[in-house]
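In what follows, a structure is listed as structure tokens, so that the remarks can point back to it.
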Amino acid sequence: MSKLTAQGSSLISTMAINDNKAGMEGLNKEKINQIIFEASKGSKFFENEQKKEEQLNQKILEQQILISSLSSAMLFHGLKEADELIEKLKACQDLSHTIVHVDMDAFYAAVEMRDDPRLKDKPMAVGGMSMLSTSNYIARKYGVRAAMPGFIALKLCPNLVLVEPNFTKYTAVSQEIREIFAQYDPNFSPMSLDEAYLDLTEHLIYRRGSSNLCRIFLLRLKTDNSSIVVNDLECTCNLNAVLRPSVINLEELKINSVSSENLQEYLNSLDFSNFNLPKDCQVCNKKLPPFSLKLYDTTVEDAVLEMRNRIEQRTFLTASAGIAPNTMLAKVCSDRNKPNGQFQIHPDVQEIEEFMKNLPIRKISGIGKVTEKLLGSLNISLCSDLYKQRALLYHAFSSLTFQYFMKITLGMGSTSLEKDEERKSLSTERTFAEISDPAQLYEKCAELCQHLAKDLNEEQLMGKTVSLKIKTISFEIKTRSHTLQCYTNDEKIIFNAAKQLLKVEIDSVKQSLLRLRLMGVRMSKLVPQASNQVSIVSLFHQSNRLTSTASRTNTHNFNIQKTDFDEKDFSTSINILEANDPVLESTMTTRHSQKSLFQKTQSPQKKSIESGMKNSIMKFVSKSERCSDKIANNCYVESNIKVENNNNLRNLDCENSSSTSLKLQSNSKSNFSNAAMQNVSQATLISSVESKQKTFISCPVCGQQKFDWPLDQLNQHMDLCLSRKTIKTILQDDKNSNKRGAVQVENDDSLPSVPKRKKTQIAVDSYFK
DNA sequence: TACATACAC
DNA sequence: AATGGTGTATGTA
């Protein structure tokens, strides 16, 4: 392995090919690594990789030192802690879910091969000279794989055909497979265009009670065993959409008279030329292809096989799937029989344990090349080794990472598919031929900011923290960030911040040039632009002791003064606000009931507003909590100063150019939420100060007061306060009930369920009616 | 809050 | 000649 060159450089372990990916088994790794090495050595990229490798080796060394310093007592302690954790984890192991991970085989490459049969028997990859997205299985035999630059791939495989990516096409195919996913789990969780997690638990219950007819699907007859051969004259529409309904409705089918055991045999014996079926597709008018009928069982295996077959019938592409009690295992399983296969781990502790025993840690999602090497230095390469070395791991890693490792050895993972949370950041970055001229660097920065602002506007988002990312021509990456005083998605404000961050970097390399190969800008701390004023008003309205001076200080040009609202008539104030919100306005006119109003206010953005508000509130509260009894007054003064300062900073941040202040005015809504938070914070603080003796925090949402509230309790309480149920209750009960304490936990099951996260719009056809 | 690192796709 | 872009999580200071 330690092949040395004349230059004294050697292969970099983290750069070497790994046989981790499917289709990479049994190839000449030695030779491949040598070619990669020869093609890379001496480049700036390679030098940077070497530097990173050295850093990693240093880290390993430090880790070794730490470990050798552990006394046996400490090791024993680590063992004890590990075993206790393991017991706890085992106690809450949940094997009741059936999670499936579906992954299209060599997706982009497969799409290109499908659409250009000339590629079918050739090694090919999707991407360009600098980077490949994916390769087909023929190319993988040569070591050509995703994330490899095209020019190196060509050295490995001179006959490699490179195909430019066509994302529009991949997105369209993705839409098709997602329609199928949705029929098995409407809440499926897509991870990318080509893969998704599904929770089949519910589906399987329905499935067991379903009639055989629901589980019969059409398969095109294959001449070839590997892939569907498409005849130019034949219809390539979704057979199970255009023809299946007619077939299933056939009088002659009479499957009820056939026993389940003999049904498949019976289906095979049917001759559809005798039946009254259309000869041509109603959609494309082409001839319908010959087909067979396949009956799928009620088991998971058959459910997943059915799904995969339907994907293939629809897209002419194959998928692989993994079935297991949690996402971590399902993901590993989907890789096991790739391509075009599936694998199941049954919900059985023994079986899971057996499976994990010989599983390389690198197969686990979340363990990459660095962690693999780090663990390798502790003689850990299999998942069972994580258990063997648990005493060491306890000391060598953070508590979170340690827990993660212990979960892995036990074969545990997430048993529910996370809800699509609001995005946390949005960014754009570009690699380019070296730029070192400051004017050109600023120009590039401006371009990126324009791009980012456009994206933010399209997503109806505003953010507070602007980050600049730069990569020098020697591949060193730096990020610099600045948090603004107000949320924005204004191009000029973003550029002003990014520009200053860039200036510092340009200035920091005195007497020489900042030579870059990449620049990027990112916006984080995001809030929805169509600010949900119901929630914000509820904050003002309900927050007690909100002084009118405090309200007016920061609202700028917002057209409604919060103090104008009649405290008693909460629903009225909401309506007024809504009528002033262009987004909500349109729904106001068509609104017939409280329900529709409610649904509107529960837009997907709602959640993040809540969490955004809560974060801001909590941040403040935690700050005020830190003020002890004695310095409560000082705290108040400091807070005033801080607000003043913020105003100054805001000017600095936002008034970068002559046109900006004007822009800001038209954008005043954006300031509102921020100003709102400050006011609320101030109000909360005032009440806190007025109480003099203790940190007296009143919930800014419901106004309920608590003495010395522990933060997590307040946090929890605010979750409830900000929840839709509560808001609905306020809407309904506002007039007759004035007691603040009424806003509490409720379990009104009659309420409509929370709309699920916004998923790709999918027409779910009536499967299992 | 700022920054770096690791990771997935 | 040539090694991506987007987003999340986590550790550290």
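A note on names: the letters A, B, ... follow the listed sequences, proteins ahead of strands, and every chain is numbered from 1.
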side-chain contact (heavy atoms from CB on, under 4.5 Å) partner of A:E459, the single match among A:L426, A:L526, A:N489: A:L426
Side-chain N or O of A:K478 closer than 4.0 Å to phosphate OP1/OP2 of B:dA4: no
Sugar-phosphate only, base, or nothing, as touched by A:K373 at under 4.0 Å among non-hydrogen atoms: nothing
A:E458 and A:K454 ion-paired at < 4.0 Å: yes
OP1 or OP2 of C:dA2 under 4.0 Å from side-chain N/O of A:S43: no
Phosphate contact (B:dA4 OP1 or OP2) by A:T479 side-chain N/O below 4.0 Å: yes
Short side-chain N/O contact from A:R480 to OP1 or OP2 of B:dT1, under 4.0 Å: no
From B:dC9, C:dG7, C:dT6, nucleotide with atom closest to A:S425 side chain: C:dG7
Residue met sooner reading DNA chain B from 5', once A:L193 and A:Q55 are mapped to nucleotides: A:Q55
Donor-acceptor under 3.5 Å (A:S40 side chain, A:F37 main chain): no
Minimum-distance nucleotide to A:F151 side chain [options: C:dA9, B:dA4, C:dA2]: C:dA2
Heavy-atom side-chain contact between A:L452 and A:M523 under 4.5 Å: yes
Closest nucleotide among C:dG5, B:dC7, B:dC9 to the A:V370 side chain: B:dC7
